[in-house]
Amino acid sequence: MNPANYLVLAAVIFTIGAVGVLVRRNAIVVFMCIELMLNAANLTLVTFSRLRGSLDGQVIAFFVMVVAAAEVVVGLAIIVTIFRTRRSASVDDANLLKY
Amino acid sequence: MTYTAASGLFAATWLLLLFPLVGAALLLLGGKALDRAGYQFATLMPIASFVLAVVLFFHLKSQPTSGRAVDDHLYSWIAVGGFHVSAGLLLDPLSMIFVLLITGVGSLIHIYSIGYMAHDPGRRRFFGYLNLFVAAMLLLVLADSYLGLYVGWEGVGLASYLLIAFWQYKPAAGTAAKKAFVMNRVGDVGLSLAIMLMFATLDKVDYAGVFGGVHHIGHADLTAIALLLLLGACGKSGQVPLQGWLPDAMEGPTPVSALIHAATMVTAGVYLIARSAPIFDLAPEARLVVTIVGAVTLLFGAAVGCAYDDIKKVLAYSTVSQIGYMFLAVGLGPAGYAIAIIHLVAHGFFKATMFLGAGSVMHAMDDQVDMRRFGGLRSVMPVTFATFLMGYLAIIGFPLWSGFWTKDKIIEASFDKGGTSGYILGICALLGAGVTAFYMTRLMILTFFGKRRWTEGVHPHESPVSMTAPMIVLAIGSAVGGFLLILNGGVQHWLTPVLGKSAEEGVHTVNGTVLTIITLLVVAGGMSGAYVAFGRPTVRIPWTPPQAGAVVTAARRNLYGDAFNEAVFMRPGQYLTRFLVFVDGRGVDGAVGGLAALVGGTSGRMRRAQNGFVRSYALSMSLGAVALVGALLLVRFG
Amino acid sequence: MTAASVAAVAAAAPITHTRPGESAVFYLLGAVAIVAALGVVFAKNAVHAALALVGVLFTFAVFYAMQDAPFLAAVQIIVYAGAILMLFLFVLMLVGVDSSDSLVETLRGHRIATGVFGLSFVVIMVGAIGHAITHASAVGLTSANAVAGGNVQSLARLIFTTYFWPFEVISALLIVAAVGAMVLAHRERTDRPSQPELMRERYRREDLVSALGHSAPGVFALGDSAARPALLPGGAEDLDSVYPELGGSAHGSSAPQESTP
């Protein structure tokens, strides 16, 4: 097997995550799909790190994990706040900002 | 041509202008505080100018003939490179006569206005405008350059506009003022073009420079300048084809009609041509045009004057006709300049007399102007009748009255021009005299004789002394003025330094005595014609004008002058304006508005895409990203 | 790239094919990962989605480990599967898990457009990557990991040297995120009265006992003791306020008499 096949897998997982973001209405599930996409990106970084024989990719993947953690913390806090006021976690319900 | 620099008493020439200017400024800027006493002050101003003018006249008379053109330099007005115009006043025999006429008649009409405008709420404004007019008119005749004359020219135009529209609440007055202003503007364009042409050919616009350099101007240029000056003169003097505004100008108060639209301002055109004598002397074709304009206008005015029932309109057309005589005279060249000026002065007196008389009649008849409703006023208003009679006898050229001396001279000079054109012009002038006698007799009969055809509730009475006194003075002037002016060729000799030698001593085409007799016969014919038509006891004058033939109908409609203007200038202008409005509304605004509507409509539909759903936005972004990456790959590997 | 890693690149031989074991694990777990990812997207219940996500995270941890990234594999399991997933589940419980989501699409044409997007994106990405990797070969991380004596040591060296500044910035970001989450999720209780308000409220009842809670020392008596008689307005002690058993003259449990000298 070519070691670059990981990239194909990452692309597929990334697409599944993106489609999930687009079709799901539950904000928490949407966040999970975003985690899928981030992980696909991380897999790409790790794979490239291996292909190029350099550890920089792994370092950046590490940073991505940290950023993902921060993002999840803030995002979930926002979801909780919205849920508290609107009694709903659906992204379609927060549609006041429009024409 | 050189002028003597002003010194001694002549250095006070500018005071002539200052008095009325101060009066105008004080009354127009002074506010309500001057409502009660302002008019008396304003009346004193032209009188002061008149007194000074008389003093200056005798002082000028005492000078040797060569020193009678005095230039009072005030200050350097324009100095641009080699182009210099000084603000200065030129006092010479010609302008002296005008100054005396303007200040003299002007003073009398100011006095008359005290009585006439006694109860008008806008009296202060009226006297302010009158002062402004006198100042502008004096500047017009006293300026020593065409540019200065132009300032005065526009100044009298402004004063005339303000005074015609003095009773602004009357729509007719506002319309008449606008008409006067616009038609004057046509003439003013001619005058300004003439001045520009002088500047272009000579680099000078002052009289001394222009008249000194006329020999260096090409014949074509000179004729063009002369014709453009004639256009300006036609505009200001109400000559064909710019005659339409003058009768309408009678919407203003009667003193205004007497002062501005009969005695002084409308003669500015004659002054302009006489002043430009050195130019016209060298442009015989232009002179011919002047005579033609004069002849056509004098017949035109006389013909229309026969048809009107409005006493002021008749007098207005009579003015048009009389100024036509003056134009005819100045067009004759050196032979006619002096005669034209004499007739001008005489006309100033008798026409002012008659206008003031008409004002007096209107005053008595509750501001009615229809002669068909007057009649028999002779016994009720004896002073008005007597003074009006003096003016009447003067204008028709009754022997020994002033018209007899001045108008006959013009007829004589027309015949003396020689050739076919001389005969044609002479016969025109003769015919004009007859028609003048006809319509003036008609006016007299309808107003002062016959049955009383008054409307109910009218109680005519004689006017107060402040009104009759000026009328009496002017009536004396119209009675004996002509003879005094012509005595010993006084005015002709007086004007010789300015206008050149009069050709009176030349060969006469027609014997003078014979011509006088013919003229008197024609006049008598006109008078008896009017008597037969209107004066016999059996003739009944209805209130409404009877049906008339084509000629009279045409005359009642100003010989279709207004209709012509409307058809040729107004209608196409209106159509052009409407077309432009259409283009602007549909084309320009349509394009602008359409573009805005397109953007607005598109935005209105496209903003529906902003549906508030985050997922839709995310989908748009994703699809965009795919398209972008796809395009990139296509370019790279496709 | 440090000088050491450059040397390692030069030293190692390119890898064009993975070992058979790795290939087998890749295909097996790759299929699992895709299925689990589809589970995340299409599970009706959010908890099931979270569990599917755990599956994806674990397979990815294995992939990291297979690609010479043991540290990331450990972090993936500890941080992601351990902490972040717990956070997800926690919020899920907070919001309520009883309602399973409806998967009926409400936006017109959205699902079709999403399908178009997904398919075209997969085709483009897989096509492009497949085209690019036909002759790809891996350098391998054996030498890079060996620079500092192991994967963790080498990563640490990189993080604390080359990537020191980003590392500090990211730590600051993490703190800000934590504070931000607290600010967002914390509910300010605005209906609770403050201490001065409570005090004023008590006094408004015009009743000193309720205002002070109990008799204050020095107001009714010199002390709290029941044996202390109350003080009368004149300053004299009121023996009637003390029970006889304690030395006073009060009658039983009745209130102190008013008639005193």
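In what follows, chains carry the letters A, B, and so on, assigned in the order in which the sequence lines appear, proteins first and then strands, with residues in each chain numbered from 1.
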Report summary line: Smallest heavy-atom separation, C:H110 atom then A:L22 atom, equals NE2-O, 2.8 Å
**Report entry** chain C contact via A:A89 - side chain, backbone, both or neither, heavy atoms under 4.5 Å
**Finding:** side chain
Report summary line: Applying a strict 4.5 Å limit to non-hydrogen atoms, the region of C:P166 in contact with chain A is both
Requested in this report: Could you list which of residues 41-51 of chain A have a heavy atom closer than 4.5 Å to any heavy atom of chain C, in residue-number order?
Outcome: A:N42, A:L43, A:V46, A:T47, A:S49, A:R50, A:L51
Query - Which atoms of A:Y6 approach chain C - backbone, side chain, both or neither, heavy atom under 4.5 Å - result: both
Query raised in the report: Which answer fits C:F26, side chain, backbone, both or neither, if we ask what part of it has an atom under 4.5 Å from a heavy atom of chain A?
Result: side chain
Requested in this report: Could you check if a side-chain atom of C:Y27 sits within less than 4.5 angstrom of a side-chain atom of A:N5, using non-hydrogen atoms only?
Outcome: yes
Query raised in the report: When the ring planes of A:F63 and C:F167 are compared, do they come out parallel, tilted or perpendicular, using 30° and 60° as the limits?
Result: tilted
Query raised in the report: Counting only N and O atoms by type, is there a donor-acceptor contact under 3.5 Å from the side chain of C:T114 to the main-chain atoms of A:V23?
Result: no
Query raised in the report: With sequence neighbours left out, what residues match C:H131 under ring-ring contact (aromatic ring centres under 6.0 Å, His included)?
Result: B:F637
Query raised in the report: So which part of C:L87 gets closer than 4.5 Å to some heavy atom of chain A, the side chain, the backbone, both or neither?
Result: both
Query raised in the report: With sequence neighbours excluded, what pairs up with C:F88 under the ring-ring contact (aromatic ring centres under 6.0 Å, His included) test?
Result: none
Report summary line: Cut-off 4.5 Å, heavy atoms of chain A, and the answer for C:A128 is neither
Requested in this report: Check the angle between the aromatic planes of A:F62 and C:F71 and answer parallel, tilted or perpendicular using the 30° and 60° thresholds.
Outcome: tilted
**Report entry** Heavy-atom proximity to chain A below 4.5 Å, by part of C:V122
**Finding:** both
Requested in this report: Would you mind telling me which of C:I159, C:V126, C:V75, C:I34 has the largest number of heavy-atom pairs within less than 4.5 Å of chain A?
Outcome: C:I34
Query raised in the report: If you measure only the distance, is there a donor-acceptor pair under 3.5 Å linking the side chains of C:Y64 and A:Q58?
Result: no
Query raised in the report: With only heavy atoms counted, which part of C:L57 is less than 4.5 Å from chain A, the side chain, the backbone, both or neither?
Result: side chain
Requested in this report: Check ring-ring contact (aromatic ring centres under 6.0 Å, His included) between C:F121 and all other residues, then give those that pass, not counting sequence neighbours.
Outcome: A:F14, C:F117
Report summary line: Bottom line for A:V66: the part with an atom under 4.5 Å from chain C's heavy atoms is both
Query raised in the report: Counting only N and O atoms by type, is there a donor-acceptor contact under 3.5 Å from the side chain of A:N2 to the main-chain atoms of C:I133?
Result: yes
**Report entry** Taking every non-hydrogen atom, the tightest pair across A:R84 and C:A185
**Finding:** NH2-O, 2.6 Å
Report task. Verify, without hydrogens or angle tests, whether A:R52 (side chain) and C:A138 (backbone) share a donor-acceptor contact under 3.5 angstrom. Result -> no
Requested in this report: Please look at C:S137 and chain A and tell me whether the side chain, the backbone, both or neither of the residue comes under 4.5 angstrom of a heavy atom of that chain.
Outcome: backbone
Report summary line: The interface call for A:L38 against chain C, heavy-atom contacts under 4.5 Å, is side chain
